[in-house]
Amino acid sequence: MNEHSHQHAAPAGETPDPSAPVYMGLPSARFLWPRFWVALVLSLPVLGLAMGEMIAPTLFHRIDPRLSGWLQFALTTPVFFWSGWVFIRRWWKSIRELDSNMFTLTVTGTGAAYFYSAFALLFGDGFPATLRGAHGVPLYFEAAAVITTIVLIGQILEQRAHARTDAAIRALMDLAPKIAHRVHAGREEDVPLTEVVRGDRLRVRPGEKVPVDGRVIEGTSNLDESMLTGEPVPVAKSAGDAVSGSTLNTTGSFVMRAERVGHDTLLAQIIRLVEEARESEAPIQRLADTVAAWFVPVVAGIAALTFGLWLWLGPEPRLILALVNAVAVLIIACPCALGLATPVSLVTGIGRGAQAGVLVKNAGALERLAQATTLLIDKTGTLTEGRPRVVAIENAAGAAGPGPGSATPATPDELLALAAAAESASEHPLARAIVEAARARGLNLPAAENFLAEPGLGVSAQVKGRPIQVGRVIPNALERLGDKVLRQHPTATLVGVTIDGRLAGTIALADPVKATSPAAIAELHRLGLRVVMVTGDRETTARAVGRELGLDGVHAGVTPARKQELVREHRAAGERVAFAGDGINDAPALAAADVGIAMGTGTDIAMHSAGLVLVKGDLRGLVKALHLSRAVRRNIRQNLFLAFIYNGLGIPVAAGALYPLFGWLLNPMLAGVAMSLSSICVVTNALRLKNLRL
């Protein structure tokens, strides 16, 4: 199994460290942070002692080389063995299972550097003169210490993403109410949710969450089911209708019968979907791992060949020269710049993204976005504003102006003012939209009396002594009146306004497309992405939005589980899938996609489940994220080339290829300069991302 494979149990034959929390088989960031800080604090003086003479010769030439070597040995030992112990364990596992990867290369190189340097420190006086410089045999403790520190920070970045996935699951669990009102023998009692069993009668009051899945048996109400559908408009419920646990009861009180409890509820299923998506997510196959898979055996083969040739053909002392040159191959192949190649680009890219309103929570997600071919996207709150607005007002024919005997106000503003006055005491989202529209137009709202809200039917009130009813539908009349409106606004919801018992007009409300969505979708198409909308809204509305934005496909009326299934279907077809959404109902799909993208204006659970967050909730941020991702991926590839080209050129020199011609063995200055140059080139190239234009 690859080192990045997701597993809970410790590998066979190994005893899990009880002090090390494990996420998918890897130590958590909380376990790695102390090791990183120790490694950083100890590595900096090692680096100073090793490179000091090159940087400030007048200061460092006074330090006795032997004292400097022992100090480096003392500082590097805890870094290599304590801070890097988790990598040593993975190295041994990869050797045992013949599965070479980045850790095989890293620990082989750092181990060779550490043990060779320790051997040279103890027995350097016995080395041939050709292997000694002005300050004795060269030491490579700094390579072992610095590389271990760099790889640690890369692992911490990766593990923080796993911790956030668990936070999303905990947030989902917190959605369920802790108690339920059980009705038994005419009495109500509060019981813990864990004690509710199938068949219990439960009371749900206004403002409370439905405790479990079941069916209404008494009363009527409106439920906010946005956690399931993403749609902001509450759904009317009456006797016989199904209700889902953790949805919000906005108005009215009802009694329900519990049908699915505990692990069988819809919320529990959503939690399981998120967990399964986390477990089944394909492991992040870094390009460095792919290259290391062939680079490790090649380097090992060259080292073995070097040892054999020097032992057979080399001058005396053959054994020491064979051993030293074979180890030199492993040292020069030590991936100092390789360890920097990915983390430095990612960290720089993450910083640049934050400046542009793109928060990168999972460094791997930033890499994978560059490879995305299909974008599945939620509608409400992502493509649209996420809240209904008044888009049209149509008076009934024969308007004669307000007053006795006239049902129809003379102007749309008068109709809106009367409707808003009647709705002013209602908590319904459509009512709030009507009131906000009236206030935005500066209309004066007369006082309403005898207000009455009837779930599923609307409200009624006395305004200026006239009975006003809003939301009550007279089907045939409303359809005739609404035809014109629906032709202009096919996604609208129509609300009838009745005055004195006669239909006075209709108000059309819709969730408008964000002003920035059309241009963003066009740019995503230009960048080569297929854009498919996935929504819990009704078919006609979804199709109308899809046509308006020129989308490549539309899936309407889908559940959270179906959203996740669609993600998996597209992935099974060979597509790299990004999913963008903002609601609780999007969490399973966000977790299952190659890249989850959450709107910053959405729910905390969606943001926990996603790898990227668009701070402004604007799809233009997704365009920026895609440009950033592709730039970071290009930068990582460039860095890997720079890292390997220096290693590749240095290995023949370390093996002694120049010895027959010039009598050169591994020149310590050449090795130091090569490793320093490769690291400087990699860091400099990565820092170019700071000035990336998005």
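- Side-chain contact between Val358 and Leu614 is present, with heavy atoms from C-beta onward closer than 4.5 Å.
- Residues passing the side-chain contact (heavy atoms from CB on, under 4.5 Å) test with Arg576, sequence neighbours excluded: Gln371, Thr373, Asp594.
- Heavy atoms only, all atoms of each residue included: Ile597 and Ala578 are closest at CD1-CB, 4.1 Å.
- Between Trp33 and Phe36, the angle of the ring planes goes over 60°, which puts this pair in the perpendicular group of the 30/60° scheme.
- Every residue meeting the side-chain contact (heavy atoms from CB on, under 4.5 Å) condition with Leu75, not counting sequence neighbours, appears here in chain and number order: Leu42, Pro45, Val46.
- In this structure Trp82 satisfies the ring-ring contact (aromatic ring centres under 6.0 Å, His included) test with no other residue, sequence neighbours excluded.
- Using a cutoff of 4.0 Å between basic side-chain nitrogens and carboxylate oxygens, Arg526 and Glu523 are scored as salt-bridged.
- Residues Arg630 and Leu527 form a side-chain contact, since some pair of their non-hydrogen atoms from C-beta on lies under 4.5 Å apart.
- Between Leu369 and Val595, the shortest heavy-atom distance links the atoms N-CG2, 3.5 Å.
- Minimum heavy-atom separation, Ala39 to Leu152: CB-CD1, 4.0 Å.
- Every residue meeting the side-chain hydrogen bond (donor to acceptor under 3.5 Å, both in side chains) condition with Ser43, not counting sequence neighbours, appears here in chain and number order: Thr149.
- Closest approach of Asn635 to Ser345, counting heavy atoms only: OD1-OG, 2.6 Å.
- Shown here are the side-chain hydrogen bond (donor to acceptor under 3.5 Å, both in side chains) partners of Ser68, two or more places apart in sequence or in another chain: Gln72.
- Take Thr108 and apply the side-chain hydrogen bond (donor to acceptor under 3.5 Å, both in side chains) test, not counting sequence neighbours, and it matches Trp91.
- With sequence neighbours excluded, no residue satisfies ring-ring contact (aromatic ring centres under 6.0 Å, His included) with Phe641.
- Atom CG of residue Leu366 and atom CG of residue Leu626 lie 10.0 Å apart, to the nearest 0.5 angstrom.
- The side-chain contact (heavy atoms from CB on, under 4.5 Å) test applied to Phe81 returns Thr77, Ile88, Tyr114, Phe115, not counting sequence neighbours.
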Side-chain donor/acceptor pairs under 3.5 Å, residues 685-694, sequence neighbours excluded:
unit_1, atom_1, unit_2, atom_2, d
Asn685, OD1, Arg688, NE, 3.0
Asn685, OD1, Arg688, NH2, 3.0
Asn685, ND2, Gln638, OE1, 3.2
Asn685, ND2, Asn639, OD1, 2.8
Arg688, NH2, Gln638, OE1, 3.1

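- Remark: side-chain polar atoms of Glu575 are not paired, donor with acceptor, to backbone N or O of Thr374 under 3.5 angstrom.
- Of all the heavy atoms in Val632 and Gly349, the pair that sits closest is CG2-CA, 3.9 Å.
- In this structure, the ring-ring contact (aromatic ring centres under 6.0 Å, His included) partners of Trp70, at least two apart in sequence or on a different chain, are Phe73.
- The distance from the CD atom of Gln564 to the CG atom of Leu590 is 10.5 Å, given to the nearest 0.5 Å.
- Residues Lys93 and Arg89 form no side-chain contact, since every pair of their non-hydrogen atoms from C-beta on lies 4.5 Å or further apart.
- Across all their heavy atoms, Ala118 and Phe141 have their closest contact at N-CZ, 3.6 Å.
- Side chain of Ser629 to backbone of Ala370: a donor-acceptor contact under 3.5 angstrom is found.
- By the side-chain contact (heavy atoms from CB on, under 4.5 Å) test, Ala589 pairs with Lys563, Val567, Phe579, sequence neighbours left out.
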Evaluation steps, side chain to side chain contact (heavy atoms under 4.5 Å, CB included), between Leu566 and Glu569: CA-CA 5 Å; Leu566 286 167; Glu569 287 172 9; 3.7 Å; yes
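- Taking the ring-ring contact (aromatic ring centres under 6.0 Å, His included) definition, one finds that Phe307 meets it with nothing, sequence neighbours left out.
- Thr110 places no side-chain N or O within 3.5 Å of a backbone atom of Ala144 that could act as its donor or acceptor partner.
- Distance check, rounded to the nearest 0.5 Å: CD of Glu142 to CG of Leu49 gives 10.0 Å.
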